[in-house]
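Only heavy atoms go into these numbers, but all of them, side chains included; no hydrogens, no water, no symmetry mates. In what follows, chains carry the letters A, B, and so on, assigned in the order in which the sequence lines appear, proteins first and then strands, with residues in each chain numbered from 1. Here the structure is a predicted model, which means the values were calculated and not measured.
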Number of protein chains: 2
Amino acid sequence: MKIGILAAKTGFSIQTIRFYERKSLLAAPERTASNYRSYSEDALKQLLFIKQCRALDMTIEEIKLVLETRANPENSCENVNTTIDKHVDDIEHRIAELKLLQETLISIRSTCDHDKKVKECGVLHQLDSIAEACSSNTDNESQLIC
Amino acid sequence: MKIGILAAKTGFSIQTIRFYERKSLLAAPERTASNYRSYSEDALKQLLFIKQCRALDMTIEEIKLVLETRANPENSCENVNTTIDKHVDDIEHRIAELKLLQETLISIRSTCDHDKKVKECGVLHQLDSIAEACSSNTDNESQLIC
DNA sequence: GCTTGACTCTATACCAAGTATAGAGTTTAC
DNA sequence: GTAAACTCTATACTTGGTATAGAGTCAAGC
Ligand SMILES: [Zn+2]
Ligand SMILES: [Zn+2]
Ligand SMILES: [Zn+2]
Ligand SMILES: [Zn+2]
């Protein structure tokens with residue numbers, strides 16, 4: 001199977017498939033006499049597996065770990081579970097962060113209605129004054145929104 | 001004020017401040033006779049404003065838009081509001097995505113307990129079979145988890 | 001046999017939002 | 001006068017790809 005077919009079957013772009021090869025996520029395939037990549041059915045299956053993992057927002061390193069473990073059917077799947085657990089944690093963490101941001105943003109946004117001038121804009125005043133308050137805290141290097 | 005002081009006062013690294021200058025987020029400051037950057041109080045205030053925006057996860061382009069509007073006190077703040085609204089939307093969108101992923105992940109994770117072999121691992125089977133089911137859908141190029 | 005179009009190859013540069021060097025010059029303290 | 005601390009520019013690296021350029025290959029039609 002040439003790379004274009006594989007791309008069509010997986011939905012990855014040709015460049016992405018070559019990129020995964022460079023990143024050692026996909027083994028370098030056989031080559032034809034004219035140096036074209038020639039893929040097996042296994043490569044297709046592996047790419048679909050990778051696609052599924054990417055759809056779950058796993059990083060390439062996370063996927064690599066899982067693939068390494070998966071390679072031998074006799075391995076313990078402990079590493080897989082650990083990776084997934086950590087990833088669930090990653091996402092939970094990010095959701096919590098974003099929710100906090102969202103609250104702050106909406107609260108700031110509520111201080112301005114419509115078509116005011118910059119000097120009267122509540123949003124801009126908020127952004128300024130939070131920053132100022134934080135800076136006078138002398139406890140800088142913190143993340144602000146203090 | 002030299003760049004090191006500004007970095008200490010804002011919590012940005014020196015490289016980040018120079019990076020913002022390259023990105024036109026911060027105007028190029030005066031230089032001393034020995035070519036050192038020399039910053040005004042205004043630059044400090046602007047950087048704190050930027051820090052606040054970054055803490056809200058706004059992109060550099062979003063911040064640039066806001067700064068441009070903010071530059072003239074007589075401008076209408078409409079653009080600011082539009083930018084914030086769009087950004088609130090950005091975050092809402094991302095939260096929704098992550099929540100969905102989280103559900104799927106937890107459901108997949110629940111199919112394996114502890115220390116099984118790879119060939120019996122529910123998690124790996126799930127990842128495989130979802131991919132397979134999707135691939136036989138011939139409706140590829142979709143995001144899987146179908 | 002030859003051209004045209006579709007395909008593939010490598011290498012390189014680009015995106016966000018920084019971080020991390022190297023190698024040179026400058027200022028400050030003792 | 002020397003050493004430490006600071007700053008300068010330029011360049012490379014990160015993640016997960018995307019987008020070229022320029023060259024080679026393959027199949028179809030005439
Ligand atoms: Zn993760
Ligand atoms: Zn406003
Ligand atoms: Zn945004
Ligand atoms: Zn398992």
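- Atom OH of A/Tyr39 is separated from atom P of C/dT8 by 10 Å (rounded to the nearest Å).
- The side chain of B/Thr16 lies closest to C/dG18, out of D/dT18, C/dG18, C/dA20.
- One interatomic measurement links the two molecules: CZ of A/Arg31 to P of D/dT25, which rounds to 13 Å at whole-angstrom precision.
- Here the C1' atom of nucleotide C/dC15 and the CD atom of B/Glu62 are 15 Å apart, to the nearest Å.
- Residue-level contact check: A/Arg22 touches neither bases nor backbone, having no heavy atom under 4.0 Å from any strand.
- Distance from the side chain of B/Arg54 is smallest to C/dA17 among D/dT25, C/dA17, C/dC9.
- For CD1 of B/Ile106, the number of neighbouring non-hydrogen atoms (other residues, nucleotides, ligands) closer than 6.0 Å is greater than 12.
- Atom CD of A/Glu30 has 12 or fewer neighbouring heavy atoms from other residues, nucleotides or ligands inside a 6.0 Å radius.
- Among the nucleotides D/dT9, D/dA19, D/dG17, the one closest to the side chain of B/Asn35 is D/dT9.
- Taking the charged nitrogens against the carboxylate oxygens, A/Arg94 and B/Asp57 do have a contact shorter than 4.0 Å, which makes a salt bridge.
- Taking NZ of B/Lys86 as the start and CE of B/Met58 as the end, the distance is 9.0 Å to the nearest 0.5 Å.
- Between B/Lys2 and A/Tyr20, the residue anchored nearer the 5' end of DNA chain D, judged by the nucleotide with its closest heavy atom, is B/Lys2.
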Audit row: B/Thr59, B/Asp90, side chain to side chain contact (heavy atoms under 4.5 Å, CB included) steps and yes/no: CA-CA 11 Å; B/Thr59 65; B/Asp90 290 345; over 6 Å; no

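- Salt bridge present: B/Glu61 and B/Lys64 bring a charged side-chain N and a carboxylate O closer than 4.0 Å.
- Heavy-atom minimum distance, B/Gly122 versus B/Cys112: N-CB, 4.0 Å.
- Taken residue by residue, residues 89-98 of chain A places no heavy atom nearer than 4.0 Å to DNA chain D.
- A/Asp57 places its CG atom 9 Å from the P atom of D/dG16, with the value rounded to the nearest Å.
- The distance between atom CZ of B/Phe19 and atom P of D/dT9, rounded to the nearest whole Å, is 16 Å.
- Summarising the geometry, the separation between CG on B/Leu25 and P on C/dA17 is reported as 10 Å, rounded to the nearest angstrom.
- If you check D/dT18, D/dT7, C/dA20 against the side chain of B/Ile3, the one that comes closest is D/dT7.
- As a whole-Å value, the separation of A/Leu26 CG from D/dG16 C1' is 15 Å.
- Closest approach to the A/Arg37 side chain among C/dT19, C/dA17, C/dC9 is made by C/dC9 (side chain taken as heavy atoms from C-beta onward).
- Looking at A/Tyr36, its side chain comes within 3.5 Å of the base of D/dG24 through a donor and an acceptor atom.
- Put simply, CD on B/Gln15 is 17 Å from P on D/dA12, counting in whole angstrom units.
- The residue among B/Ala33 and B/Thr59 whose nearest nucleotide of DNA chain C lies closer to the 5′ end is B/Thr59.
- Using modelled atom types, no side-chain atom of B/Asn75 and backbone atom of A/Val118 make a donor-acceptor pair closer than 3.5 Å.
- Neither OP1 nor OP2 of D/dA19 sits under 4.0 Å from any side-chain N or O of A/Arg18.
- Comparing atom distances between the A/Ser34 side chain and each of C/dC9, D/dC26, D/dT9 picks out D/dC26 as nearest.
- Among the nucleotides D/dT7, C/dA16, C/dG18, the one closest to the side chain of B/Lys23 is C/dA16.
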